[in-house]
Amino acid sequence: MCIKLRYSTRRLSTSTLSSSKSTTVYRGTAFEHRAQNILQNNLSMSLRRVGGKSDGGIDLLGWWWLPSLDASDITEPRRRLRVLAQCKAEKKKIGPKFIRELEGVLHRYLSLSAHSFNTRNQNTQAPNVVQSPQYPLVALFISESPYTRSTLLRVQTSPVPLLLLHLPAFPTPSDFLTDEIGKNKWVGSAVWNPALAGVRGLLGGEFEIRWERSLAGCGRPGLWWRNQKLNNWTPDLEVEKLQLKHEDLLLDELVQETA
């Protein structure tokens with residue numbers, strides 16, 4: 001349920017809304033936090049922010065906790081998918097070049113991950129056997145501006161499992177948003193491709209993203225699995241810390257390659 005906003009008629013003073021809030025760095029950082037909150041609070045993702053000058057093209061890194069393809073009941077333990085996300089608070093529409101760049105980041109990450117995985121397991125594996133990374137990989141692109149038609153076509157034909165999320169800018173300064181909307185539930189749309197959500201894709205065609213909206217425009221995404229509402233769930237923090245040291249090493253290598 002959406003709560004109506006009551007707007008003050010007084011003008012914003014420079015002390016209330018600092019000019020620093022209009023800078024590119026501030027807008028980008030705030031948008032990354034907003035995207036992180038939406039994904040964690042609604043789509044069963046546990047993420048940490050790695051954005052910055054030396055992020056290797058990755059703003060958010062973490063896990064997506066979903067029922068396995070061979071699960072028979074919604075209450076069974078979930079599997080985890082590796083998530084790499086880029087966030088863009090651009091004013092112009094997002095063109096296909098951004099998707100190509102994200103695909104490049106994912107391929108480099110896959111290559112480094114596979115090399116690291118094989119190196120760590122070379123003493124236990126049969127010779128001449130190439131091992132894949134342990135967890136499936138999904139690429140996310142979250143944008144404040146809409147996507148062009150050519151971008152959507154690019155995504156649908158990409159062999160990379162991709163999820164696009166459009167989070168439009170708030171209609172009012174965030175300082176005056178009520179608690180309900182302030183929880184980052186002002187969401188636009190989501191699009192995923194056959195490589196992710198198709199019958200032959202990573203999710204086996206068993207998942208949907210549905211929207212709960214009010215007449216005022218507030219809304220939130222929800223995951224559905226085999227026509228059942230999937231409750232938002234992530235493990236305890238101690239479990240989420242697994243392999244973070246290894247992931248930090250991979251990110252360092254990724255940054256060196258893109259420097």
Does the side chain of [Y] come within less than 4.5 Å of [X]'s, by heavy atoms?
X: I142; Y: E32; value: no
X: L140; Y: V83; value: yes
X: L137; Y: L110; value: yes
X: L196; Y: L163; value: yes
X: N231; Y: I74; value: no
X: F207; Y: L230; value: yes
X: L167; Y: F31; value: yes
X: I99; Y: E103; value: yes

About how many Å separate [atom2] of [Y] and [atom1] of [X], when rounded to the nearest 0.5 Å?
X: W225; Y: L69; atom1: CH2; atom2: CG; result: 9.5 Å
X: C87; Y: R49; atom1: SG; atom2: CZ; result: 9.0 Å
X: N37; Y: N42; atom1: CG; atom2: CG; result: 9.5 Å
X: E76; Y: S68; atom1: CD; atom2: OG; result: 6.0 Å
X: W65; Y: M45; atom1: CH2; atom2: CE; result: 12.5 Å
X: I58; Y: L106; atom1: CD1; atom2: CG; result: 8.5 Å

Q) Charged N to carboxylate O below 4.0 Å: is that the case for E144 and K91? A)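 Looking at K91 together with E144, the answer is no, because their closest N to O distance does not fall below 4.0 Å.
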
(Q) Between E208 and R226, does any side-chain N to carboxylate O distance fall below 4.0 Å? (A)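 Judged by the 4.0 Å cut-off on N to carboxylate O distance, E208 and R226 do not form a salt bridge.
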
What pair of heavy atoms forms the shortest contact from [X] to [Y], and how long is it?
X: S145; Y: K93; answer: OG-CA, 4.0 Å
X: A195; Y: P159; answer: CB-O, 3.5 Å
X: A197; Y: L203; answer: CA-CB, 4.3 Å

Q) Can you check side chain to side chain contact (heavy atoms under 4.5 Å, CB included) on N232 and L223, steps first, answer last? A) CA-CA 8 Å; N232 188 68; L223 271 178; over 6 Å; no

Q. With sequence neighbours excluded, what pairs up with K229 under the salt bridge (charged side-chain N to carboxylate O under 4.0 Å, His left out) test?
A.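 By the salt bridge (charged side-chain N to carboxylate O under 4.0 Å, His left out) rule, K229 matches E212.
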
Q: Taking atom types as modelled, find out whether R80 and S46 have a side-chain donor-acceptor pair closer than 3.5 angstrom.
A: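 No - no donor-acceptor pair under 3.5 Å links their side chains.
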
Q: Let me see the working for L164 and S143 under side chain to side chain contact (heavy atoms under 4.5 Å, CB included), right down to the final yes or no.
A: CA-CA 8 Å; L164 304 185; S143 172; over 6 Å; no

Taking the side chain from [X] and the backbone from [Y], do they hold a donor-acceptor pair closer than 3.5 Å?
X: Y147; Y: L165; answer: yes
X: T29; Y: V25; answer: yes
X: T148; Y: T151; answer: yes
X: R79; Y: L66; answer: no
X: N193; Y: L162; answer: yes
X: S44; Y: Q40; answer: no
X: R210; Y: P221; answer: no

Q. Given W63 and L47, is the side chain to side chain contact (heavy atoms under 4.5 Å, CB included) satisfied, shown in steps?
A. CA-CA 6 Å; W63 304 102; L47 303 166; over 6 Å; no

Q) Yes or no on side chain to side chain contact (heavy atoms under 4.5 Å, CB included) for V105 and Q86, after CA distance, side-chain angles and deciding distance? A) CA-CA 10 Å; V105 171; Q86 283 189 356; 3.8 Å; yes

**Q.** For W224, all residues meeting ring-ring contact (aromatic ring centres under 6.0 Å, His included), sequence neighbours excluded
**A.**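 By the ring-ring contact (aromatic ring centres under 6.0 Å, His included) rule, W224 matches no residue at all.
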
Q: Identify whether NZ of Lys or CZ of Arg in R82 sits under 6.0 Å from the centre of the six-membered ring of W64 and within 45° of that ring's axis.
A: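 That pair does not qualify as a cation-pi contact.
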
